[in-house]
**Student:** 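The structure follows.
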Amino acid sequence: AVPLTAIALYLVVGSPQMLSPQQTAAGGEAHGVSAQQIEALIGRVAARLKENPEDAEGWVILARSYSVLGRFPEAARAYANAVARIPRDAQLLADYADALAMAQGRRLQGEPENVIARALEIDPSNLKALALAGSVEFEKKQYASAASYWERILPLIPGDSDMVRSIQASIAEARSLAGDGSRQPPRQANAGDSRAGVSGVVKLAPELAAKVAPTDTVFIFARAADGPRMPLATLRKQAGDLPVKFSLDDTMAMTREMKLSSFPQVVVGARISKSANATPQPGDLQGISPPISSRATGVTIVINSEVR
């Protein structure tokens, strides 16, 4: 499945102006537009396009309407007609790639990947194209490359938005899956930096053992005790490894600017996720340390509470 970043960006920058896919998909009203009204709109637009097939905007409206209703093969065909008439619109190409991927079982490799590349040639800063390009690389298990595409999105959106947190979570997961080869080298600004790192062990409280399967994902992370909630370093394990020793340091930073060595105190946490989602979900199990030194050793984290 396409990772959460692409989905979040689709809802924000990929939805048509006259429709609300979030509400329509739920079967409710959306700013006065219902599923039945969209069907009626589709009929009117399709009839108009039979008389005037060169109406590019009509093809765009038709494609986006089909997408809202989840009729992705038809949406892809309508987007193809729109792109043939507006070949240099990066956003339109990104929407086309999205519909193609959905039509072929949520797979981005192949023609969707080619269309995404075309969109980025036209506009290297297109949010949706960057999100999808990262998803292509994630799908191919090229995790470092996926993270690089998603990192290019961060300077383009408000720093305090939910989307930033969603993207950061996806980057963290990609960096964790990539392993050492994707991690940024530690900064050499001063001799003290090389000593920055937190180590210890993560344990599971016995009373929660029945809620955990050996294949559940364990995310171990450190974030600033007083500062941004963005993880400074992350590590991924499986619940079957518990209790597990861990070590977090600057080589695991998601960005060059946000490292353990940048903060004197951090909070270390561990979370068990059945969905392997880097974003906390209700039902996940977690344990969090009090503020500790960013050079602390022998830290013990006990996973003993449930995310609500």
**Student:** Please confirm whether the backbone N or O of A63 pairs with a side-chain atom of S67, one donor and one acceptor, at under 3.5 Å?
**Tutor:**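 Side chain of S67 to backbone of A63: a pair is present.
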**Student:** Would you please name every residue forming a side chain to side chain contact (heavy atoms under 4.5 Å, CB included) with D241, sequence neighbours left out?
**Tutor:** K237, Q238, V244
**Student:** Does atom NZ of K203 have more than 12 heavy-atom neighbours from other groups under 6.0 Å away?
**Tutor:** no
**Student:** I need the minimum non-hydrogen distance between A270 and V202, along with the two atoms involved.
**Tutor:** CB-CG1, 3.6 Å
**Student:** Any side-chain heavy atom of V115 within less than 4.5 Å of one from E111?
**Tutor:** yes
**Student:** With clusters defined by side-chain heavy atoms of hydrophobic residues (ILVMFWY) lying less than 4.5 Å apart, directly or transitively, does I167 cluster with L132?
**Tutor:**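 L132 and I167: one cluster.
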**Student:** Does R44 have any side chain to side chain contact (heavy atoms under 4.5 Å, CB included) partners at least two apart in sequence or in another chain, and if so, which?
**Tutor:**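 With sequence neighbours excluded, R44 shows a side chain to side chain contact (heavy atoms under 4.5 Å, CB included) to A40, L41, given in chain and number order.
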**Student:** Main chain of A94, side chain of N126: is a donor-acceptor contact present, judged purely on distance under 3.5 Å?
**Tutor:**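 No, N126 side chain to A94 backbone: no donor-acceptor pair under 3.5 Å.
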**Student:** Indicate yes or no for a side-chain donor-acceptor contact from W150 to the backbone of A131 under 3.5 Å, with no hydrogens or angles considered.
**Tutor:** yes
**Student:** When you group the ILVMFWY residues by side-chain heavy-atom contacts below 4.5 Å and let the links chain together, are L208 and V201 in the same group?
**Tutor:**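 Different hydrophobic clusters.
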**Student:** Is L242 close to I272 at the side-chain level, that is, under 4.5 Å between some pair of heavy atoms?
**Tutor:**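 I272 reaches L242 side chain to side chain.
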**Student:** Once you round to the nearest 0.5 Å, how far does CD1 of I116 lie from CD of Q109?
**Tutor:**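 Spacing of CD1 (I116) from CD (Q109) equals 10.5 Å.
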**Student:** Give, for atom CG of L260 and atom CD of Q265, the distance between the pair rounded to the nearest 0.5 Å.
**Tutor:**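 With rounding to 0.5 Å, CG (L260) is 13.0 Å from CD (Q265).
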**Student:** Would the number of heavy atoms belonging to other residues, nucleotides or ligands and lying under 6.0 Å from CD of E51 be above 12?
**Tutor:**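 No, the 6.0 Å shell around CD holds no more than 12 heavy atoms from other groups.
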**Student:** If only atom types and distance count, is the side chain of S145 paired as donor or acceptor with the main-chain N or O of E137 below 3.5 Å?
**Tutor:** no
**Student:** A side-chain contact here means heavy atoms from C-beta on lying under 4.5 Å apart; do E151 and R175 qualify?
**Tutor:** yes
**Student:** Would you please classify the geometry between the Y143 ring and the F138 ring as parallel, tilted or perpendicular, with 30° and 60° separating the classes?
**Tutor:** perpendicular
**Student:** Can you get from F263 to V267 by hopping between Ile, Leu, Val, Met, Phe, Trp and Tyr side chains that sit under 4.5 Å apart?
**Tutor:** no
**Student:** Look up atom CD in Q91 and atom NZ in K128, then write down how far apart they are to the nearest 0.5 Å.
**Tutor:** 6.0 Å
**Student:** Ring centres of Y66 and F72 under 6.0 Å apart?
**Tutor:** no
**Student:** Got T234 and I220 here, is their nearest side-chain heavy-atom distance under 4.5 Å?
**Tutor:** no
**Student:** Using side chain to side chain donor-acceptor pair (under 3.5 Å) as the criterion, list what pairs up with E113, not counting sequence neighbours.
**Tutor:** K140
**Student:** Going from CD on E139 to CZ on R107, what distance comes out if it is rounded to the nearest 0.5 angstrom?
**Tutor:** 7.5 Å
**Student:** Between L156 and L130, does a side-chain contact (heavy atoms from CB on, under 4.5 Å) hold up when you go through it step by step?
**Tutor:** CA-CA 11 Å; L156 306 175; L130 286 170; 4.0 Å; yes
**Student:** Under the side chain to side chain donor-acceptor pair (under 3.5 Å) rule, collect the residues that match up with E74, sequence neighbours excluded.
**Tutor:** R71
**Student:** Check whether R152 reaches the backbone of P124 with its side chain - one donor and one acceptor, N or O, closer than 3.5 Å.
**Tutor:**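 Answer holds: yes.
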**Student:** Taking all heavy atoms of R223 and all of P231, pick out the closest pair and write down the distance.
**Tutor:** CB-CA, 4.3 Å
**Student:** Taking I288 as the starting point, is it possible to reach I303 by hopping between hydrophobic residues whose side chains are less than 4.5 Å apart?
**Tutor:** no
**Student:** Could you check whether any side-chain N or O of S65 sits under 3.5 Å from a backbone N or O of I42, counting only pairs where one atom can act as donor and the other as acceptor?
**Tutor:** no
**Student:** Check whether V198 and V302 end up in the same hydrophobic cluster, where Ile, Leu, Val, Met, Phe, Trp and Tyr are linked by side-chain heavy atoms less than 4.5 Å apart.
**Tutor:**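 No, it is not one cluster - the side chains of V198 and V302 are not joined through contacts under 4.5 Å.
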**Student:** When you measure from the side chain of S289 to the backbone of V268, do you find a donor-acceptor pair of N or O atoms at a distance under 3.5 Å?
**Tutor:** yes
**Student:** Would you call Y149 and L120 a side-chain contact if the rule is heavy atoms closer than 4.5 Å?
**Tutor:**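 Side chain of Y149 against side chain of L120, heavy atoms only: contact under 4.5 Å found.
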**Student:** Could you give the distance from CG (L108) to OG (S135), rounded to the nearest 0.5 Å?
**Tutor:**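 Reported value, rounded in 0.5 Å steps: 6.0 Å.
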**Student:** Flag the pair V218 / L204 as yes when at least one side-chain heavy-atom distance between them is below 4.5 Å, and no otherwise.
**Tutor:** no
**Student:** Please give me the minimum heavy-atom distance between A90 and D123, naming the atom from each residue.
**Tutor:** CB-CB, 3.6 Å
**Student:** Could you state the interatomic distance from CD1 (I301) to CZ (F246), rounded to the nearest 0.5 Å?
**Tutor:**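 The distance works out to 5.0 Å.
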**Student:** So that I can tick it off, tell me whether R48 and E57 are bridged by a salt bridge, with the cut-off set at under 4.0 angstrom between side-chain N and carboxylate O.
**Tutor:** no
**Student:** Check side chain to side chain contact (heavy atoms under 4.5 Å, CB included) between A56 and all other residues, then give those that pass, not counting sequence neighbours.
**Tutor:** R85, I86
**Student:** If I compare all heavy atoms of L100 with all of P112, which pair ends up nearest, and what's the gap?
**Tutor:**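 Result for this residue pair: CB-CG, 3.7 Å.
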**Student:** Indicate yes or no for a side-chain donor-acceptor contact from N81 to the backbone of R77 under 3.5 Å, with no hydrogens or angles considered.
**Tutor:**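 Checked: pair present.
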**Student:** Which side chain to side chain donor-acceptor pair (under 3.5 Å) pairs, counting each pair once, include a residue from residues 299-308, with sequence neighbours left out?
**Tutor:** K211-E306
**Student:** Work out which heavy atom in S273 is nearest to a heavy atom in R271; give both atom names and the distance.
**Tutor:** CB-NH1, 3.5 Å
**Student:** Checking the side chain of W59 only, and the main-chain atoms of P53 only, is there a donor and an acceptor separated by less than 3.5 Å?
**Tutor:** yes
**Student:** Check D55 against L49 and note the closest heavy-atom contact, atom names and distance.
**Tutor:** O-CD2, 3.6 Å
**Student:** Quick check against the 3.5 Å criterion: does Q281 have a side-chain atom that pairs as donor or acceptor with the backbone of V307?
**Tutor:** no
